[in-house]
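What follows is a short report on a single structure.
Lettering follows sequence order; numbering is per chain, from 1. None of the values given here were measured: they were computed from a predicted structure.
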Protein chains: 2
Amino acid sequence: MFILKLMMVTLSEENYLKAIYHLGRLGSLSVSTNAIADRINAKASSVTDMIKKLAEKNLVNYVKYQGVSLTEQGRITAATVVRKHRLWEVFLVEKLNFRWDEVHDIAEQLEHVKSEKLVSKLDAYLGYPTRDPHGDPIPDKDGNIKSIEKSLLSQLRLNDSCVCVGLIDSSSDFLKYLDKNKIALGSNIQILSKESFDDSMTINVDGNIINISQQISNNLYVKIK
Amino acid sequence: MFILKLMMVTLSEENYLKAIYHLGRLGSLSVSTNAIADRINAKASSVTDMIKKLAEKNLVNYVKYQGVSLTEQGRITAATVVRKHRLWEVFLVEKLNFRWDEVHDIAEQLEHVKSEKLVSKLDAYLGYPTRDPHGDPIPDKDGNIKSIEKSLLSQLRLNDSCVCVGLIDSSSDFLKYLDKNKIALGSNIQILSKESFDDSMTINVDGNIINISQQISNNLYVKIK
DNA sequence: ATTAATATTTAGACAAAACTAAATATTTTA
DNA sequence: TAAAATATTTAGTTTTGTCTAAATATTAAT
Ligand SMILES: [Mn+2]
Ligand SMILES: [Mn+2]
Ligand SMILES: [Mn+2]
Ligand SMILES: [Mn+2]
């Protein structure tokens with residue numbers, strides 16, 4: 001008979017796994033100690049300590065001085081936390097009428113609540129959403145995400161038409177900027193002019209003509225029509 | 001100008017305050033070290049340590065060897081945690097369709113999520129409930145509860161009629177027993193016979209005739225009609 | 001190819017929250 | 001009222017997660 005030793009993952013360990021998950025998603029397979037430290041607001045030495053513990057638990061692959069990557073088990077654990085984070089964000093916005101710039105910090109707490117049944121009931125209650133309020137994909141039960149085709153708004157050409165589908169930066173400041181300029185997920189955008197000097201552009205967003213800097217267009221994911 | 005130093009209360013501290021709150025509510029004003037230790041599944045020495053810390057923070061009144069009681073600040077902090085616990089239990093039962101015997105452990109986690117706005121929005125979303133799924137009162141924003149008049153079913157006399165309004169024991173086992181016997185909050189109950197030997201009684205619950213032991217009638221709060 | 005700069009790890013310390021074992025105080029019982 | 005029993009506190013450890021400072025390794029620059 002098998003003894004199923006189910007591993008306890010602490011809140012802190014979950015946060016490290018999540019950081020490695022997000023960093024690995026953008027950059028290379030191997031994530032650096034400093035990158036984790038920056039993201040998690042900890043010192044590099046603390047990161048090294050934690051990485052060793054995670055390696056001991058077979059949640060990460062770790063070679064001294066060579067960075068760290070998630071094992072399959074670590075990837076699933078991290079994705080499950082991300083799944084919970086994003087489901088709770090949907091709940092907060094859709095059901096409790098929070099604004100999209102208010103939900104992240106609360107979701108950072110809710111994502112650590114442990115109950116598989118809670119997650120699956122919440123998922124059902126929300127109608128099995130696939131995207132969170134910021135356009136980020138919600139991993140499924142097995143930790144898999146289905147990515148959609150998208151480009152950065154800054155990459156489009158004059159007169160191209162597109163729909164806003166996601167953001168790179170989801171900081172409160174950026175979200176408030178978007179609110180102020182009436183740019184939201186689902187907004188229809190057409191590029192009316194591009195300034196080659198500073199790469200700013202004039203766009204038509206759902207009928208409103210506005211000018212946006214390159215920092216903005218570099219942080220908006222769109223789907224070309 | 002005033003410097004408002006807002007106190008950070010840890011998860012562990014919240015649990016101790018809650019234990020003292022519940023114990024003080026039933027028994028005397030002063031709660032014993034051992035009673036807390038029992039309730040919280042810790043050793044008495046750990047309780048002493050924590051009590052000292054809480055006294056330092058002005059959350060409890062503590063005199064060595066004489067037990068502990070909540071200060072006004074401690075009472076409000078504890079009541080706020082209880083409020084959150086019970087609101088989340090309502091959410092889990094009313095919105096996510098959990099059974100009343102499944103929600104306690106999840107609420108034990110959710111009660112520690114820190115966000116005043118979340119609590120007030122959740123409260124509104126649930127329609128400002130005053131009782132949780134087990135009939136326990138939900139403290140308001142200021143930590144006050146309005147108690148209703150109620151008696152123990154075991155205290156009633158032959159032929160008395162009443163409505164079930166609450167429970168003393170909310171353990172999963174007891175809740176499942178009640179489910180099996182179709183006893184729920186709001187059930188109409190009439191006492192058909194009482195056995196003086198063992199204090200068991202035959203009752204009519206919403207049309208079903210059943211026999212219950214004294215342990216059961218001692219754990220059911222009712223409102224006499 | 002050295003040196004300088006940067007990144008990472010090690011060593012040692014600390015705070016929080018728990019524990020065990022021993023000491024002390026309070027309460028009960030005879 | 002003096003033991004005996006019980007309750008509470010103290011002293012000393014442990015684990016987890018963090019930190020600073022110092023040592024070491026890697027990478028970049030001359
Ligand atoms: Mn978020
Ligand atoms: Mn998000
Ligand atoms: Mn409960
Ligand atoms: Mn309850």
Side-chain angles (χ1 to χ4, degrees), chain A residues 5 7-20 23-24 27-70 74 77-78 81 108-109 111-112 114, chain B residues 5 7-20 23-24 27-70 74 77-78 81 108-109 111-112 114:
Chain A
K5 180 176 166 196
M7 192 168 13
M8 199 38 102
V9 180
T10 68
L11 184 149
S12 195
E13 286 168 351
E14 286 188 340
N15 281 334
Y16 276 91
L17 291 174
K18 195 164 51 113
I20 298 166
L23 290 167
S28 55
L29 303 168
S30 184
V31 175
S32 81
T33 301
N34 264 5
I36 299 170
D38 277 1
R39 200 185 163 96
I40 227 163
N41 275 314
K43 301 298 170 182
S45 56
S46 307
V47 174
T48 303
D49 284 348
M50 180 57 88
I51 281 173
K52 284 179 187 163
K53 209 199 323 178
L54 294 173
E56 200 57 48
K57 289 187 171 186
N58 283 306
L59 294 166
V60 300
N61 308 116
Y62 172 55
V63 184
K64 259 193 200 180
Y65 292 102
Q66 312 247 133
V68 74
S69 64
L70 295 174
T77 306
V81 177
E108 286 288 307
Q109 301 179 64
E111 73 189 5
H112 300 291
K114 278 162 182 71
Chain B
K5 181 177 167 196
M7 192 166 15
M8 200 37 103
V9 180
T10 68
L11 184 149
S12 194
E13 287 167 350
E14 286 188 340
N15 281 334
Y16 275 91
L17 291 174
K18 195 163 52 114
I20 298 166
L23 290 167
S28 55
L29 305 168
S30 185
V31 176
S32 81
T33 301
N34 264 4
I36 298 170
D38 278 1
R39 199 184 164 96
I40 228 162
N41 277 315
K43 302 298 171 179
S45 56
S46 307
V47 174
T48 303
D49 283 349
M50 180 56 89
I51 280 172
K52 283 179 187 164
K53 208 197 326 174
L54 294 174
E56 201 57 49
K57 288 187 171 188
N58 283 306
L59 293 166
V60 300
N61 308 115
Y62 173 52
V63 183
K64 258 195 197 178
Y65 291 103
Q66 313 248 130
V68 74
S69 64
L70 295 174
T77 306
V81 177
E108 286 288 306
Q109 300 179 65
E111 74 189 5
H112 300 291
K114 278 161 184 69

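- Under a 3.5 Å cut-off, the side chain of A:Glu13 and the backbone N or O of A:Thr10 do form a donor-acceptor pair.
- Side-chain N/O atoms of A:Lys64 include one lying less than 4.0 angstrom from OP1 or OP2 on C:dT10.
- Between the CD1 atom of A:Ile36 and the C1' atom of C:dA7 there is a distance of 13 Å, rounded to whole Å.
- Counting only distance, with no hydrogens or angles, the side chain of B:Lys57 and the backbone of B:Met8 share a donor-acceptor pair below 3.5 Å.
- For D:dT8, the base has no donor-acceptor partner in the side chain of B:Ser45 [N/O atoms by modelled type, under 3.5 angstrom].
- Between C:dT9 and A:Lys43, no contact under 4.0 Å exists linking OP1 or OP2 to a side-chain N or O.
- The side chain of B:Thr33 places an N or O atom within less than 4.0 Å of a non-bridging phosphate oxygen (OP1 or OP2) of D:dT9.
- Rounded to whole Å, the distance from CG on A:Leu11 to P on D:dT15 is 21 Å.
- Regarding contacts with the backbone of C:dT6, every side-chain N or O of A:Asn34 stays at 4.0 angstrom or more from both OP1 and OP2.
- Contact check, A:Tyr16 against D:dT18: a side-chain N or O comes under 4.0 Å of OP1 or OP2.
- Residue whose closest nucleotide on DNA chain D sits further toward the 5' end, between A:Tyr65 and A:Ser12: A:Ser12.
- Between D:dT10 and B:Lys52, a contact under 4.0 Å exists linking OP1 or OP2 to a side-chain N or O.
- Side chain of B:Ser30 to backbone of B:Gln66: a donor-acceptor contact under 3.5 angstrom is found.
- For the pairing with B:Tyr16, the side chain to side chain contact (heavy atoms under 4.5 Å, CB included) check across B:Val9, B:Ile51, B:Ile40, B:Val60 returns one residue only, B:Ile40.
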